[in-house]
Amino acid sequence: MTIRQPWAGAIVHQTKRVENRSWPLPAKHTGTPILIHAAAQPDKDAEVYGPHLDVYGAIVGTATFTGHHLADQDGTCCGPWGFPLTHHWELGTVTALAEPVPCKGALSFWTPPDHVLLAVQHQLQEAAARLLAAARDAEIARRPELAQRLNHAQGVLARYDRHEHDDETAVDQALADIAAVLAEATPTPPTRKAHG
Ligand SMILES: [Zn+2]
C-alpha cells in the first residue's frame with residue numbers, strides 16, 4: 001500500500017507501528033504481508049525527521065497488519081504516532097529494504113507488478129541468507145568443538161589439494177564433517193505461512 005513520506009519511512013526505519021486511516025482495516029489484509037510503498041509526493045505538513053525518509057516512488061519495506069482498533073480521544077493509545085478519532089491499523093513485523101525498489105503507486109491496497117515483487121523477494125532472500133550465515137558463524141565461534149571439527153576437516157582438504165596425501169576416504173569424511181558442522185550450527189529458520 002502507498003503511504004506518503006515521511007510516514008512510510010517512519011514505519012520501516014523508525015518506531016511507527018500504527019497506520020492512521022479513516023476506515024477499518026479490511027479483514028483480508030489482516031495477518032498477510034504487505035509492501036510499504038513511499039508515495040511520489042510527501043506530506044509537507046509532517047514533522048518527522050531522520051535518515052532514509054527522502055525516498056519517493058519506491059517500495060521501502062514490508063510489513064504485516066495484525067489488527068485494528070478505534071483510536072481514543074487523543075490518539076495516545078498508540079503513542080506519539082496515533083492520531084485521535086481515526087482507525088488505528090496495528091503493524092506487526094516490519095522489514096526495511098536496503099535498496100528501495102522503484103515503483104508507481106496507487107490508492108489504498110494494490111498489487112504491484114511481478115518484476116517489483118520479484119526484486120523485493122530477491123532482496124529479502126539475500127538478507128535472510130546473510131543473517132543465517134552470520135548466525136551460523138556466530139554459533140561455530142561460540143562452540144569450540146564445532147570450530148575444531150571444521151578446522152580439522154578443512155585441513156584434510158587443504159593437504160589433499162597440496163598433494164600431501166591421497167586418501168579419498170578421508171576427503172569424503174572431511175566433506176561430510178563440514179556439511180554436518182554447518183548443518184548443526186545453522187539455526188532452523190521459522191516456518192512461514194504461504195501467502196498469495
Ligand atoms: Zn491506538
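In this chain, numbering begins with 1 at the start of the sequence shown. All of these numbers come straight from a predicted model, not from anything done at the bench.
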Q. Any chain of hydrophobic side-chain contacts (each under 4.5 Å) joining V116 to L124?
A. yes
Q. Is Q154 atom CD crowded by more than 12 heavy atoms from other residues, nucleotides or ligands, each under 6.0 Å away?
A. yes
Q: Kindly work out whether a path of hydrophobic side-chain contacts (I/L/V/M/F/W/Y, heavy atoms less than 4.5 Å apart) joins M1 to W7.
A: yes
Q) Is it true that a side-chain atom of D54 and a backbone atom of Q5 form a donor plus acceptor pair closer than 3.5 Å? A) no
Distance-only donor-acceptor hits, side chain of residues 92-113, under 3.5 Å, sequence neighbours excluded:
from, atom 1, to, atom 2, distance (Å)
W110, NE1, T2, OG1, 2.9
W110, NE1, A106, O, 3.4

Q: List the steps and the verdict of side chain to side chain contact (heavy atoms under 4.5 Å, CB included) for H87 and L25.
A: CA-CA 8 Å; H87 290 270; L25 174 67; over 6 Å; no
Q: Could you grab the distance from atom CD1 of I34 to atom OG1 of T62, nearest 0.5 Å is fine?
A: 8.5 Å
Q: Please report the closest heavy-atom contact between I36 and A8, naming both atoms and the distance.
A: CG2-CB, 3.9 Å
Q. More than 12 heavy atoms of other residues, nucleotides or ligands under 6.0 Å from CD of Q73: is that the case?
A. no
Q.
Between N20 (side chain only) and F83 (backbone N and O only), is there a donor and an acceptor less than 3.5 Å apart?
A. yes
Q. Can you find a heavy atom in the side chain of V171 that is under 4.5 Å from one in the side chain of H165?
A. yes
Q) Side-chain heavy atoms under 4.5 angstrom apart, residues restricted to Ile, Leu, Val, Met, Phe, Trp, Tyr: same cluster for L157 and L182? A) yes
Q: Examine distances only and state if a side-chain atom of D43 and a backbone atom of R4 form a donor-acceptor pair shorter than 3.5 Å.
A: no
Q. Taking atom CD of E164 as the centre, does the number of heavy atoms from other residues, nucleotides or ligands within less than 6.0 Å exceed 12?
A. yes
Q. Take atom CG in D114; do more than 12 heavy atoms of anything else shown fall under 6.0 Å from it?
A. no
Q: First locate atom CD of Q148, then atom CG of L146, and finally report the distance between them rounded to the nearest 0.5 Å.
A: 10.0 Å
Q) Partners of H52 by ring pair (Phe, Tyr, Trp, His ring centres under 6.0 Å), sequence neighbours excluded? A) H13
Q: Find the distance between CG (L91) and CZ (F65) and round it off to the nearest 0.5 Å.
A: 4.5 Å
Q) Should L53 and I59 be counted in the same cluster of Ile, Leu, Val, Met, Phe, Trp and Tyr side chains packed under 4.5 Å apart? A) no
Q.
For a quick test of reading the model, state the closest non-hydrogen atom pair linking V55 to A58 and the distance between them.
A. CG1-CB, 4.0 Å
Q) Less than 4.5 Å apart, any side-chain heavy atom of P6 and any of Y49? A) no
Q | Contacts of E184 that satisfy salt bridge (charged side-chain N to carboxylate O under 4.0 Å, His left out) - sequence neighbours left out | A | R143, R149
Q. How many angstroms lie between CZ in R21 and CD1 in I3, if you round to the nearest 0.5 Å?
A. 5.5 Å
**Q.** R142/E139 ion pair, N-O < 4.0 Å
**A.** yes
Q: Taking all heavy atoms of A153 and all of I178, pick out the closest pair and write down the distance.
A: CB-CG1, 3.6 Å
Q: Measure the spacing between OG1 of T86 and NE2 of H69 and express it to the nearest 0.5 Å.
A: 8.0 Å
Q.
Applying side chain to side chain contact (heavy atoms under 4.5 Å, CB included) to V18 and E90, what does each step give before you reach the verdict?
A. CA-CA 5 Å; V18 60; E90 303 146 16; 5.8 Å; no
Q) What are the two closest non-hydrogen atoms of T64 and P33, and how far apart are they? A) OG1-CA, 3.8 Å
(Q) Distance check, rounded to the nearest 0.5 Å: H68 atom NE2 versus H29 atom NE2? (A) 12.0 Å
Q) For the residue pair R17 and Q14, what are the closest heavy atoms and their distance? A) NH1-O, 3.2 Å
**Q.** Over all atoms of both residues, closest heavy-atom pair of G75 and A71
**A.** CA-CB, 4.4 Å
Q) Around D74, counting heavy atoms of other residues, nucleotides and ligands shown, do more than 12 lie under 6.0 Å from its CG? A) yes
Q: Using atom types as modelled and distance alone, determine if a side-chain donor or acceptor of W89 lies under 3.5 Å from a backbone N or O of W23.
A: yes
